[in-house]
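Just so it is clear, the structure is predicted and the values come from calculations on it, not from any experiment. Residue numbers begin at 1 in each chain, while the letters A, B, ... track the order of the sequences.
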Amino acid sequence: RYLANALVDMYGKCGSLEDALAVYSTIHCPNIFSTTILINVYINHCQIHNARQLFDARPLGGDIVLWNIMIQAYYRDGQMRRGKAIFDKCPHWDVVSWNAMITAYAQTGHVLEAEELFEKMLERDVVSWNAIMQVYAYDGRVHSVRRAFEKMPQWDVVSWTAAVGGHASEGHLEEAVFLFRKMPQRNVVSWNLMLDAHAQEGHVELAKTIFDKMPEHDVVSWTAMLIAFASNGYVQEAWSIFKQSARRD
RNA sequence: AUCCGUUUAUGGGA
């Protein structure tokens with residue numbers, strides 16, 4: 001069953017709802033993990049209705065993860081009111097429930113509500129802080145981003161990247177670079193961000209320098225570099241990036 | 001010792 005669960009998950013993530021369902025149906029006594037995974041698969045295939053049916057049929061006292069998933073499902077589908085209703089009906093909340101709700105508000109532009117929730121939280125984890133930084137960034141409030149970043153008790157690479165991004169997107173490139181240099185570790189996302197931040201400011205050559213320096217490239221790096229060249233009239237260079245990226249596969 | 005599921009960061013497009 002352990003293995004079957006993983007299979008359902010895998011098929012779901014590879015985009016094959018049918019295969020996921022086929023495997024699920026062979027599980028004789030699906031446990032809470034099986035159900036959770038399948039609900040998630042439905043949601044990722046935009047089948048909220050089916051997800052909801054499974055949710056409603058959940059075993060008694062079905063755990064908080066199921067609730068959290070439904071919150072997320074509704075807001076992603078633009079049904080904030082239903083999402084909030086689920087949140088309000090939760091038997092109890094864990095930090096993920098709060099974080100999910102904050103993010104839901106943030107991504108639908110309900111900045112005030114997001115902040116309120118954040119203030120109400122008793123136990124915040126690094127994700128809560130990262131999420132609220134994102135809220136401020138979305139709202140264009142660099143100083144709030146900065147304050148939150150300095151106030152939070154712990155940082156991970158997402159926190160750092162969000163802080164860099166919060167500065168960069170408001171045109172504070174120097175500060176963004178400063179933070180980027182101070183990062184204890186960087187991943188491809190942080191590099192991509194730096195690359196694009198320079199490109200956005202029209203510093204295409206610098207962007208290329210960053211591109212060359214980064215330890216690995218993904219499809220975002222290639223696309224960002226390509227667009228940077230192309231939209232600034234560097235036709236040759238754009239073409240060259242394109243060819244290189246094609247060859248890479 | 002962590003170790004099956006849910007929340008947060010980067011580009012383009014639709």
### Query
Looking at A:Q72, does any N or O in its side chain come under 4.0 Å of the phosphate oxygens OP1/OP2 on B:rU7?
yes
### Task
Go along nucleotides 9-14 of chain B 5' to 3' and tag each nucleotide: B for a protein heavy atom under 4.0 Å from its base, S when only backbone or sugar atoms are that close, - otherwise.
BBBS--
## Note on the structure
The single option from A:M194, A:H172, A:K182 that satisfies side chain to side chain contact (heavy atoms under 4.5 Å, CB included) with A:V177 is A:M194
### Task
For the pair A:E113 and A:K84, find out whether any cationic side-chain nitrogen is under 4.0 Å from an anionic carboxylate oxygen.
no
### Query
Between A:E115 and A:R141, is there a salt bridge with N-O shorter than 4.0 Å?
yes
### Query
For RNA chain B, what is the dot-bracket line, given that a base pair needs Watson-Crick (N1 to N3, plus N6-O4 or O6-N4) or G-U wobble (N1-O2 and O6-N3) geometry with both distances under 3.5 Å, and | means paired with another strand?
..............
### Query
Whole-Å distance between B:rU8 P and A:Y136 OH?
18 Å
### Query
With side chains defined as the heavy atoms from C-beta onward, is the minimum distance between A:I64 and A:H92 less than 4.5 Å?
yes
### Task
Walk me through it: do A:M225 and A:K208 pass the test side-chain contact (heavy atoms from CB on, under 4.5 Å)?
CA-CA 7 Å; A:M225 196 65 248; A:K208 180 58 162 58; 4.1 Å; yes
### Summary
Between CG of A:D156 and P of B:rU7 the distance, given in whole Å, is 15 Å
### Task
Give a yes-or-no answer on whether the side chains of A:N99 and A:N68 include a donor-acceptor pair shorter than 3.5 Å.
no
### Message
Expressed as a whole number of angstroms, how long is the span from A:I27:CD1 to B:rG5:C1'?
### Response
12 Å
### Task
Please round to the nearest 0.5 Å and tell me the distance separating atom CG of A:N187 and atom CD of A:E216.
8.0 Å
### Task
Starting at atom CE of A:M70, determine the distance to atom P of B:rU7, rounded to an integer number of angstrom.
14 Å
### Query
Rounded to whole angstrom units, what separation is found between the CH2 atom of A:W98 and the P atom of B:rU6?
22 Å
### Message
When you measure from the side chain of A:N232 to the backbone of A:A228, do you find a donor-acceptor pair of N or O atoms at a distance under 3.5 Å?
### Response
yes
### Task
Please check if the distance between the ring centroids of A:W67 and A:F55 is under 6.0 Å.
yes
### Message
If I take atom CD1 in residue A:I71 and atom P in nucleotide B:rU8, what distance separates them, rounded to the nearest angstrom?
### Response
12 Å
### Task
Could you state the atom-to-atom distance from CD1 of A:I102 to P of B:rU7 in whole Å?
15 Å
## Note on the structure
Here the distance between atom P of B:rU8 and atom CD1 of A:I69, to the nearest Å, is 12 Å
### Message
Within the 4.0 Å heavy-atom criterion, would you say A:R76 contacts the bases, only the backbone, or no part of the nucleic acid?
### Response
sugar-phosphate
